[in-house]
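To start, the structure under review is shown below, and the notes come after it.
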Amino acid sequence: MSNNGKVNLLNSRLMKLVIVGHVDHGKSTLVGRLMSDTDSLPTGKLDFIKDICKRQGKEFEFAFLLDALEEEQEQGITIDTSQIFFNTQKRRYVIIDAPGHKEFLKNMVTGAANAESALLLIDAYEGIQEQSRRHGYILKLLGLTQVAVVVNKMDLVGYDPEVYYKIKSDYTKFLSSMGIEAKEFIPVSAKLGINIAKTSEEIPWYKGPSVLSMLDQFPEKQLPTHLPFRFPVQDVYKFDERRIISGRVESGKVKVGDQVVFSPSNKVGVVNSIEAWSVENQPVEARASESIGFTLEEQIFVERGDVAALKSELPIVSTTFDVNVFWMGKRHLEKGRTYTLKLTTQEVLCEIVAFKRVVDASTLKTLEGQNFLAKNDVAEVTLRTVTPVVFDLFGSIPTTGRFVLVDEYDVCGGGIITTYTPNKTDRLRDEVRHRDFHWLKSDIKLEERAYRNGHQSTLILIVGPSGVGKAKLAKHLERKLFELNYQSYLLDGRNVALGVSADIESGQKKQEGEVLRRFGEVAKLFLDAGHVVISTSNVFNQEDHTDLRLLVEPCQVVEIFVTDTEELTENCDIKLSIEEAEKESEAANTIYNYLKNKKILTGHNYSI
Amino acid sequence: MIPLDERDRVSLIPNFFALKYHGHNMDHLDELENQSIFIMREAYKNFKNLAMLWSIGKDSTVLVWLARKAFFGHCPIPLVHIDTTYKIPSMIKYRDEFAKKWGLKLVVGKNEKALAEGMNHEKGRLVCCEALKTMGLHAVMEQEGYTGLILGIRRDEEGTRAKERYFSPRDKNFEWNFKDQPPELWDQFKTSFTPDTHIRIHPILHWTELNVWEYIHREKIPIIDLYFSNSEGKRYRSLGCAPCTFPIDSKARNVVEVIEELKNTTSAERSGRAQDQENTYAMQKLRARGYM
């Protein structure tokens, strides 16, 4: 067995760099040169590659050091990102060489998404090309703004400063239009090793750093510990007596004793312990980018996708928001189709509501009137999800403000959330959140009331066009449940309007939301008292029903739709024809059986 | 330059949390560990039928350790060991000892048919690797119905592994389409796939050989002694089957000395693995067909 003795723990952290740019502008050559000039090649590697070149009858190129796939060497282009390691006096690096061919954008994105800083290569002879711009734009969308530009193949233009300054001025203009400022423009010849490891006499007019000394100047990525605490739940483990909520702190920090709120459910819990295995001391605090697990003082239902935060700095919860998206799919991104949005640990179906601006990423020109997004392009779009998502704006907390889009089985797009304008439901959701936090809870729990009453507190909505006998059915149902010793109460919307909403004139369009809110709040009180609340109000439309559900959460809502049309409603639990509804005794029985099956009516405990 | 005894003292400070929280950045081993744990948990959540390959080597043993970190002392994922019957005998002894000690669920796979027909490296190293390892793995996967397989490969091992993803799909014939891999960004992995594919998951893809040893040192992970210099001044740097794996000349007798040796070497980790040297694209071909 090993003798784990003492060791020098000098920092062997790797600085993660990506090299991007147009195809053939010399990325792989630059990386190969960096390896060679820093003595980072394994013994025999250079000879091994030279030997292959000889056997295949090709001239040696540094690029062959990286292009490991047979196809890459044959075609002379990098297909997938490769990674190489080298050291300078200052630190260790891993360089990600990303393909410059348009076809392999998804591989470039894969490489660049994990980097801390970027070198963008431009061929002095060819000048700024399609991918020079596209890659610049993608870096911006990935949030990678620590960028230096390397003007390569200066030997091919006779080290002409005019060429260099022209590229510098044009590309600076392009970058600044996106809000990026390049740290430096370095004129080099990767092939000849000029300005790579050290500055060279060939370019006396350039006073800036060589590529290597530029790299050494890039600061390491700082962890977002100063931002609000965000903890997307990854899983809940019960391997032993502990119930551990696991996940990664995406930003900020949390400590034992902190009260945390889980969105979107608004459940509140206090961190009891931060769990860890095989550590000297049990941690009392956790910070951004740590994969941790904690227990709560009291058990509450939490599941993957919920996001824990502190009460004073909650994330946004909504279904509609504006994003910048880049597309890598073979099929277009278009309206009328459903995609899966993956954001933190949440997975939700979504669709495109509007294409606000579609951009050709190689020219930055707007594609006027285009209502789809093609492969390799970018767009500003409005997204709508089926259920609410928890997020932040990318500008505030990057790690919880970015997402990918999945088309069938494949990740086809990535994006960042740029803006969000709360709609009516969002405002209501905020209000419910506020009410839930400050609600003075009775000592009698909902479960205790349910046990005594023989039923869960539930809102039964009987809806449909007027004149189909909803009121009669509702009265009959109230009576039936009452006679079976259940706490049923018919809450008529008109009664709420007469009293609670007496200050609102009927028919006032802009006050409709307020009428609904008050009705929902009254229902919430009855539900909190443990009743089965029946309502017939059909003054509310489908969207209002969604709002009602929101207001009475976590109580159940059962929707009974009386109609003769074929119309399908999403949330409808029971559908009755007008004829069925008119036989109110049978209809009430149908509803009664449904409630029993759903374990809403659980039956009394007759020992009371 | 810190004097040697001073450095030793620093590394002996027992509380890593105390050290870690002084700076704005994490210790690099913590950074690697946290990312790997995240990946391991994503795999566990997304795959009903998941297994982890345990070769007894340093990398997959670190994986087992990381699983116990991720799941708070438990390893809820079964471990698959592909026994070619040509493994160095002490590897089997080590395997059985720690499987018992750590309470691991061990599934041993063999390509009995090929072995009965007398498959060995003399029939060709690549042929043998494919028959005993790749096909042996096929058999276990099919038998157990695994849809996700966790492996301890790393990007710095060799060129084609550098191009891997954390979550990497294989088709029904186990083939890896390295020319058309899914994009992978912001730790959103490929977790949905057609029924006849499986996903390989690589939680320590971003680690280097040096990182692995530094972590073994920090965590005091018991590692098989084949990695340490024996009385003849030789040690294994990479473990495989006895006929195709050769020890290197080394004076490194323990973890600390291995780390020191690695910091000063320029020879490749897998230089003692004969199958890599067979021809130019040996590893690409093996891996495209389902090799680990």
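Naming convention: chains lettered A, B, ... in sequence-line order (proteins, then strands); numbering from 1 in each chain.
In terms of non-hydrogen atom pairs under 4.5 Å with chain B, the most contact-rich of A:Cys412, A:Gly111, A:Gly293 is A:Gly293. Interface check for chain B: of the options A:Ile244, A:Thr345, A:Thr340, A:Thr399, the most heavy-atom pairs under 4.5 Å are formed by A:Ile244. Counting heavy-atom pairs closer than 4.5 Å to chain A, the top-ranked of the candidates B:Glu33, B:Glu42, B:Lys190 is B:Glu42. Among the candidates A:Val94, A:Asn114, A:Leu142, the residue making the largest number of heavy-atom pairs closer than 4.5 Å to chain B is A:Leu142.
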* To do: May I have the step-by-step check of side-chain contact (heavy atoms from CB on, under 4.5 Å) for A:Lys342 and B:Asp187, ending in yes or no?
  => CA-CA 10 Å; A:Lys342 288 172 91 176; B:Asp187 291 342; over 6 Å; no

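A:Ser246 and B:Phe72 make their closest contact through CB-CE1, 4.5 Å (heavy atoms, listed as atom of the first residue, atom of the second, distance). Scanning all heavy atoms of the two residues, the minimum distance from A:Leu141 to B:Trp186 falls at O-CZ2, 4.0 Å. The heavy-atom pair separating B:Pro182 from A:Thr110 by the smallest distance is O-OG1, 4.3 Å.
Contact annotation for B:Thr191: both backbone and side-chain heavy atoms come within less than 4.5 Å of a heavy atom of chain A. Looking at A:Ile96, there are no atoms closer than 4.5 Å to chain B (heavy atoms on both sides), in backbone or side chain. Contact of A:Thr344 with chain B is made through the backbone alone, with heavy-atom distances under 4.5 Å. The contact between B:Asp180 and chain A is made by backbone and side chain atoms together, counting heavy-atom distances below 4.5 Å. Neither the backbone nor the side chain of B:Tyr227 comes within contact range of chain A; no heavy atoms are under 4.5 Å apart. When heavy atoms are compared at a cutoff of 4.5 Å, A:Leu343 approaches chain B solely by way of its backbone atoms N, CA, C and O. Only the side chain of A:Val406 comes within contact range of chain B, with heavy atoms under 4.5 Å apart. Contact annotation for A:Ala112: neither backbone nor side-chain heavy atoms come within less than 4.5 Å of a heavy atom of chain B. Looking at A:Tyr237, only its side chain comes within 4.5 Å of chain B, counting heavy atoms on both sides.
Residues satisfying the side chain to side chain contact (heavy atoms under 4.5 Å, CB included) criterion with B:Thr61, sequence neighbours excluded, are B:Trp54, B:Tyr94, B:Trp102, B:Ile221, B:Ile223. Looking at residues two or more places apart in sequence or on another chain, you find a side chain to side chain contact (heavy atoms under 4.5 Å, CB included) between B:Glu31 and A:Arg13, A:Lys16, B:Met26.
Distance check: A:Arg92 CZ to B:Leu210 CG gives 5.5 Å after rounding to the nearest 0.5 Å.
Side-chain contact check for A:Arg248 and B:Gln35: at least one donor-acceptor pair (N or O, by modelled atom type) lies under 3.5 Å. A donor-acceptor pair shorter than 3.5 Å cannot be found between the side chains of B:Lys69 and A:Ser291.
B:Lys45 places no side-chain N or O within donor-acceptor distance of the main-chain N or O of A:Arg304, the cut-off being under 3.5 Å. The backbone N or O of B:Glu184 sits nowhere less than 3.5 Å from a side-chain atom of A:Lys106 that would complete a donor-acceptor pair.
With contacts defined as side-chain heavy-atom distances shorter than 4.5 Å, the pair A:Leu14/B:His206 does not qualify. Considering only heavy atoms from C-beta on, B:Glu219 comes within 4.5 Å of A:Ser278 through its side chain.
Ring geometry, A:Phe239 versus B:Tyr44: the interplanar angle falls from 30° to 60°, so the pair is classed tilted.
Taking a cutoff of 4.0 Å between a charged side-chain nitrogen and a carboxylate oxygen, B:Arg41 and A:Asp235 do not qualify as a salt bridge.
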